[in-house]
Amino acid sequence: MKRKIAIPFLVILLIVLDQAVKYYIVSNFSLGQVRKFIPKLVSLTYLQNTGAAFSIMENQQWFFALVTCIVIGAAIWYLIKNIQASKWMLSGLILVIAGGLGNFIDRIQQGFVVDMFQLDFVNFAIFNVADMYLTVGVAILLLVILKEEKDGI
């Protein structure tokens with residue numbers, strides 16, 4: 001019973017964190033402005049991304065909304081059906097749901113996703129907190145699936 005109560009609160013907390021960071025950036029940066037955050041490691045850059053990762057498929061908001069609804073719906077359904085799964089599986093699903101919803105909120109409210117983290121040591125796409133949730137969540141899910149296959153479960 002504790003899991004059923006805690007999971008929605010965790011998802012909401014993660015979304016609030018994502019939205020708070022985005023709000024801070026939009027309120028304190030001009031579009032395209034760059035500020036050092038952790039020297040030689042990470043800068044903060046206000047970017048409006050109308051595409052997916054690496055800005056691919058720009059201005060396809062209807063497509064992203066549809067895909068997000070399908071993925072989040074499937075993740076929620078799987079989470080409900082497997083509420084007794086390992087904490088790792090639930091953690092991965094929670095991160096995927098929160099990350100998807102965090103970026104979905106941006107797309108619906110603004111027509112773009114607010115990105116802000118720029119890695120200074122490598123040429124990589126600028127990303128946000130929700131993107132980190134999605135990346136870590138998918139990585140956890142892949143590791144859980146690989147472990148379950150290895151263990152023959």
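In this chain, numbering begins with 1 at the start of the sequence shown. Because only heavy atoms are used, hydrogens play no part in the values below, and waters and symmetry mates are left out as well, while side chains stay in.
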Can you list every pair that meets salt bridge (charged side-chain N to carboxylate O under 4.0 Å, His left out) and has a residue in [range], with sequence neighbours left out?
range: residues 69-84; value: none
range: residues 65-78; value: none
range: residues 25-45; value: K36-D120

Members other than L146 in its cluster, when Ile, Leu, Val, Met, Phe, Trp, Tyr link by side-chain heavy atoms under 4.5 Å?
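Result for L146 is none, singleton.
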Apart from V34 itself, which Ile, Leu, Val, Met, Phe, Trp or Tyr residues share its cluster (side-chain heavy atoms under 4.5 Å, direct or through members)?
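ILVMFWY cluster around V34 holds nothing else.
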Could you work out, with side-chain hydrogen bond (donor to acceptor under 3.5 Å, both in side chains) as the rule, every residue matching [X], not counting sequence neighbours?
X: T45; result: Q118
X: S27; result: none
X: Q110; result: none

Just jot down the side-chain contact (heavy atoms from CB on, under 4.5 Å) partners of [X], sequence neighbours excluded, or say none.
X: F121; result: L41, L119
X: I12; result: V16
X: L66; result: I70

Name each donor-acceptor pair under 3.5 Å that joins a side chain in residues 93-104 to protein atoms two or more places apart or in another chain, with its distance.
residue	atom	partner	partner atom	Å
N103	OD1	K22	NZ	3.1
N103	OD1	N128	ND2	3.0
N103	ND2	D131	OD1	2.8

